[in-house]
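No hydrogens, no waters, no symmetry mates; every other heavy atom, side chains included, goes into these values. Since the model is a prediction, treat every value here as computed from it, not as a measurement. Every number for a ligand or one of its atoms is a count from 1 in the order of the listing.
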Amino acid sequence: MKSKLIDGKEISKQIRQDLKQQTEIFQKETGVLPGLAFILVGENPASEVYVKMKGKACAEVGFHSVTEVLPADISQQELVKLIDAFNNDDKIHGILTQLPLPSHIDEAAVIESIDPKKDVDGFHPVNVGKLLIGLNTFRPCTPAGIQELLIRSGIDPAGKHVVVVGRSNIVGKPIANILVQKKEWANAVVTICHTGAKDLSYYTRQADILVAAVGRAEVITGDMLKEGVVVIDVGVNRVDYPESEKGYILVGDVHFESAEKVASAITPVPGGVGPMTIAMLLANTLQAARQQVSD
Ligand code: GUN
């Protein structure tokens with residue numbers, strides 16, 4: 001089977017162009033520029049790259065953004081104090097604390113200190129709860145990006161079996177919550193499984209749509225998939241590759257070469273889900289600014 005490549009880079013470009021236009025209109029109507037604050041703690045190289053890319057994307061659509069880089073040994077109290085300052089800053093409509101945080105900091109407490117109205121990650125328990133019961137709220141960015149990829153590729157999950165591999169609060173649980181809702185571009189039968197399963201392939205072989213969010217390089221191979229499956233690969237894993245300029249390459253959680261032989265459609269890594277996460281962060285920030293202006 002020749003599989004279709006789901007081009008997240010191109011789709012995210014279209015979304016960012018739409019958002020740029022919407023931001024101009026919003027600014028003309030309200031005099032307000034959507035504002036996003038990034039908080040980066042410590043020196044995690046991957047997090048540094050992500051935050052830089054997110055800041056650049058903000059500038060491109062015309063948002064105001066600020067980035068606070070804090071030392072790895074900052075106390076939780078100091079971090080929460082900074083978040084509280086952003087909670088009370090009218091120019092800031094969204095706050096993003098890049099995860100993971102250093103181990104001495106209680107991640108849950110930090111997330112809870114963000115005003116749910118400014119929680120553009122959709123990680124605050126209030127927003128997680130709203131998402132679960134189908135109320136309007138921020139969809140976490142990566143799951144929102146996955147749903148948007150399906151919509152813009154004309155792949156309707158309604159009535160299909162979506163198998164999610166991975167149970168993180170950032171991707172696995174929220175994408176399952178989104179796609180199981182009795183709503184348009186959802187209404188799927190959803191199974192969540194994970195690497196603790198006795199036989200992972202028992203589940204993955206049943207997938208009409210497979211979402212791989214495991215965080216391990218190429219653990220899902222073509223022989224674990226059903227002919228015609230749609231593969232959404234969330235993984236971004238660095239593997240050593242001395243011949244490349246950087247000494248490593250990025251691969252997904254899915255072994256691309258074997259999976260593309262059985263899939264009807266598949267996302268590449270990089271250039272699939274990754275760029276969509278950033279586009280949806282921008283969309284959530286504009287949504288936050290709209291809500292806060294009308295409050
Ligand atoms: N770390 C990995 N993905 C994310 C994300 O979507 N948001 C935040 N805040 N941290 C992350």
Pick one of side chain, backbone, both or neither for how F123 approaches ligand 1, counting any non-hydrogen atom pair under 4.0 Å. side chain

Protein contact to atom 11 (C) of ligand 1 [nearest heavy atom, distance to 0.1 Å]: Q98 NE2, 3.5 Å

Which heavy-atom pair separates I11 from R152 by the least distance, and what is that distance? CG2-CD, 3.4 Å

Between F138 and D119, which heavy-atom pair has the shortest distance, and what is it? CD1-O, 3.2 Å

Shortest non-hydrogen pair, N237 vs G252, comes out as ND2-O, 3.1 Å

Could you identify the single nearest non-hydrogen protein atom to atom 7 (N) of ligand 1 and state the distance to 0.1 Å? D121 OD1, 3.0 Å

Should I266 and D233 be marked as a side chain to side chain contact (heavy atoms under 4.5 Å, CB included) after you check the CA-CA gap, both sets of side-chain angles, and the distance that decides it? CA-CA 8 Å; I266 186 167; D233 191 352; 5.8 Å; no

What part of T97, side chain, backbone, both or neither, has a heavy atom within less than 4.0 angstrom of ligand 1? backbone

For L96, the ligand 1 atoms whose distance to one of its heavy atoms is below 4.0 Å: 9 (N)

Check whether any N or O atom of K54, backbone or side chain, sits under 3.5 Å from an N or O atom of ligand 1, and answer yes or no. no

I would like to know whether R238 and L250 meet side chain to side chain contact (heavy atoms under 4.5 Å, CB included); could you show each step before the answer? CA-CA 5 Å; R238 284 185 186 189; L250 296 179; 3.6 Å; yes

Side chain of Q181, backbone of L131: donor and acceptor closer than 3.5 Å? yes

Would you mind checking which non-hydrogen protein atom is closest to atom 1 (N) of ligand 1, with the distance to 0.1 Å? L99 O, 2.9 Å

